[in-house]
Amino acid sequence: MGQQTLPGFRDFYPEEMAARRHLDAAWHAAAAAAGFREIDGPVLESLELFTKKSGDEIVGQLYSFEDKGRRPVALRPEMTPTLARMVAARAGALPKPVKWYSVQRFFRYERPQRGRFREFFQWNVDVVGAPEPAADVDAIAVAVDGLRRLGLGPQDLAVRINDRRFVHELLRGIDVGPEQEAQVLGLIDKLGRDPKAPERLAELLGDRRAGELSGWCENLPLDRAPALGELLEIADESGLRGYLEPDFRIVRGLAYYTGPVWEIFARGASLRSIAGGGRYDGLIATLGGPDLPALGFGMGDAVLTELLAERGLLPDGAPVLDAYVIPVAPEMLASARDVARRLREGGARVDLPYGPVKPRRGLKDANRAGARHAVLVGPDEWADRSVRIRDLTSGSERLVGVDELGASDVLAS
RNA sequence: GUGGGUGUAGCUCAGUUGGUUAGAGCGCCGGAUUGUGGUUCCGGAAGUCGGGGGUUCAAAUCCCCUCACUCACCCCA
């Protein structure tokens with residue numbers, strides 16, 4: 001075997017590209033339908049932009065290097081820092097709320113595994129300048145709508161949601177101090193997956209407090225979380241009934257989340273989460289911008305593609321043509337090219353062979369190219385300024401005049 | 001970074017206790033008398049058996065090393 005892709009990088013053959021475009025289309029449509037506008041930024045950024053948000057530890061997970069001007073740079077691992085900069089630069093001029101989205105390529109230097117690559121595509125949707133819980137619901141609804149457009153409904157998906165403020169409050173109630181909090185949050189996050197997590201929580205907090213905590217995981221005391229209750233009510237009004245499941249185990253990795261946090265999972269599948277998001281009110285200020293409330297989510301292509309493939313919801317990626325033009329005799333090649341041009345100018349997707357072919361072969365190639373119609377250009381018909389259009393599904397043929405070929409409905413049948 | 005699994009044709013795989021020239025299906029290319037396809041039939045190309053070393057009269061097969069891929073852990077912005 002010769003050269004292959006770097007580990008965690010993928011070639012997209014037409015079939016895979018069709019699948020990717022399928023996701024893209026749903027993502028763009030869902031974001032646009034809710035009034036989000038598309039943005040983008042550079043793939044390469046200064047390393048500092050990322051370390052400022054996440055600390056120096058993440059350098060190990062970045063594609064970073066020095067450029068020829070000796071600047072430390074990195075391929076972007078996420079969109080949020082870029083978004084924050086863009087907002088900060090024009091914060092005064094932007095009407096609030098700012099509703100932006102992007103569908104872009106990201107890079108993380110991690111060991112590739114199921115549902116995780118080093119180069120991946122991610123849909124990011126963010127709202128800046130809106131403190132209301134309706135904004136959180138807006139983002140969740142867009143994520144759910146994107147997935148709905150891909151054929152996934154409430155029977156397939158669960159949006160598990162929690163609220164960081166609520167978690168802080170409960171932890172404070174059992175005397176978990178700030179110095180312990182990060183560690184405890186990490187263990188809570190693991191409760192669903194790691195069988196050793198309850199044990200370690202008990203070691204850290206003692207049986208009584210650990211027991212109380214796991215009780216919240218069994219049954220989240222919503223009466224003590226008014227903000228989350230309000231959000232759930234708005235979600236109901238927004239058509240998200242059946243999706244949202246309050247879950248104390250959803251806390252999400254890093255420190256900067258300040259309010260609702262949520263992740264979307266596939267029901268009955270052992271996949272990692274499809275999407276995750278939350279409110280990060282302090283982050284834009286941390287990154288040097290104005291103090292604006294913000295929230296958003298990211299949804300990657302890797303896990304989602306895996307899920308859609310499992311459920312048979314991906315397009316097969318077979319080629320599609322409206323017509324394949326066949327010169328019935330070698331001297332008809334020039335005429336065939338003229339016919340193809342007329343059809344293409346009429347808006348049809350049309351292909352034809354580069355040289356003479358036997359009709360038998362032409363029909364075979366038409367099928368293989370996914371053509372709905374074969375257009376046979378033969379000397380007898382051409383003498384009458386017409387061609388034979390054959391419907392490849394039904395096998396029926398009809399004669400069509402050359403001058404009609406540019407009409408948009410000529411291949412309609 | 002740690003641990004497990006797998007490497008044979010473009011793809012999915014078979015290959016017996018080590019034994020002649022390593023196979024199948026799909027795909028690809030060509031063909032089955034004149035201007036009509038999908039099915040079928042015939043033919044063909046295609047493999048340093050991941051790489052290196054060792055044991056043996058003989059290695060795809062046994063042993064060692066190495067590389068790649070993959071799954072999980074760590075991490076998940």
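Below, chain A is the first sequence line, B the second, and so on; all start at residue 1.
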Whole-angstrom distance between [N] and [M], as gauged at atom [atom1]:
N: B/U55; M: B/U17; atom1: P; result: 25 Å
N: B/A9; M: B/G15; atom1: P; result: 15 Å
N: B/C49; M: B/A60; atom1: P; result: 7 Å
N: B/C11; M: B/G3; atom1: C1'; result: 30 Å
N: B/U12; M: B/C75; atom1: C1'; result: 34 Å
N: B/G4; M: B/A45; atom1: C1'; result: 39 Å
N: B/U61; M: B/G19; atom1: C1'; result: 11 Å

Any Lys/Arg nitrogen of [X] or [Y] sitting under 4.0 Å from an Asp/Glu carboxylate oxygen of the other?
X: A/Arg160; Y: A/Glu245; answer: no
X: A/Arg114; Y: A/Glu310; answer: yes
X: A/Arg10; Y: A/Glu119; answer: no
X: A/Glu345; Y: A/Arg341; answer: yes
X: A/Asp403; Y: A/Arg385; answer: yes

- Query: Considering only B/C75, B/G31, B/G38, which nucleotide approaches the side chain of A/Arg361 most closely?
  - Reply: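 The answer is B/G31.
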
- What nucleotide, of B/G37, B/G35, B/C69, holds the atom closest to the side chain of A/Glu381?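 Of the candidates, B/G35 comes closest.
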
- Message: With a 3.5 Å cut-off and heavy atoms only, can you find an N or O donor on one side and an acceptor on the other between the side chain of A/Arg390 and the base of B/U36?
- Response: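 Per atom types, the contact qualifies.
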
- Look at the side chain of A/Arg368 against the base of B/G38 and say whether a donor-acceptor pair falls under 3.5 Å; ignore hydrogens and angles.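 Not at all, since no donor on one side and acceptor on the other fall under 3.5 Å apart.
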
- Query: Aromatic rings A/Tyr257 and A/Tyr280: how do their planes relate, parallel, tilted or perpendicular, breaks at 30° and 60°?
  - Reply: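 Perpendicular: the ring planes of A/Tyr257 and A/Tyr280 meet at over 60°.
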
Sugar-phosphate only, base, or nothing, as touched by [X] at under 4.0 Å among non-hydrogen atoms:
X: A/Asp365; value: nothing
X: A/Pro81; value: nothing
X: A/Gly395; value: base
X: A/Leu376; value: base
X: A/Pro77; value: base

Rounded interatomic separation in angstrom, taking [atom1] from [X] and [atom2] from [N]:
X: A/Lys190; N: B/C76; atom1: NZ; atom2: C1'; answer: 10 Å
X: A/Asp126; N: B/A77; atom1: CG; atom2: P; answer: 14 Å
X: A/Leu363; N: B/U36; atom1: CG; atom2: P; answer: 9 Å
X: A/Glu306; N: B/U70; atom1: CD; atom2: P; answer: 12 Å
X: A/Lys358; N: B/U33; atom1: NZ; atom2: P; answer: 8 Å
X: A/Leu187; N: B/C76; atom1: CG; atom2: P; answer: 12 Å
X: A/Ile264; N: B/C76; atom1: CD1; atom2: P; answer: 20 Å
X: A/Leu62; N: B/C76; atom1: CG; atom2: P; answer: 13 Å

- Query: So do A/Trp100 and A/Val87 actually touch side chain to side chain, heavy atoms under 4.5 Å?
  - Reply: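 Heavy-atom side-chain distance check passes, below 4.5 Å.
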
- Item | The single option from A/Ile274, A/Val159, A/Ile250, A/Asp247 passing side chain to side chain contact (heavy atoms under 4.5 Å, CB included) against A/Phe265 |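 The residue from A/Ile274, A/Val159, A/Ile250, A/Asp247 that satisfies side chain to side chain contact (heavy atoms under 4.5 Å, CB included) with A/Phe265 turns out to be A/Ile250.
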
- Item | Nucleic acid contacts - residues 100-117 of chain A versus RNA chain B, non-hydrogen atoms under 4.0 Å |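 Within residues 100-117 of chain A, the residues near RNA chain B are A/Arg108, A/Glu110, A/Arg111, A/Gln113, A/Arg114, A/Arg116.
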
- Stepwise salt bridge (Lys or Arg N to Asp or Glu O under 4.0 Å) test for A/Arg76 and A/Asp40: CA-CA 12 Å; A/Arg76 64 181 169 195; A/Asp40 193 14; 3.2 Å; yes

- Both distances under 3.5 Å, Watson-Crick or G-U wobble: on that basis, could you give the dot-bracket string for RNA chain B, with [ ] for crossing pairs and | for other-strand partners? (((((((..((((.....[...)))).(((((.......))))).....(((((..]....))))))))))))....

- Item | Side-chain H-bond candidate by donor/acceptor type, A/Gln104 with A/Asn124, under 3.5 Å |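 No, no side-chain donor-acceptor pair sits under 3.5 Å.
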
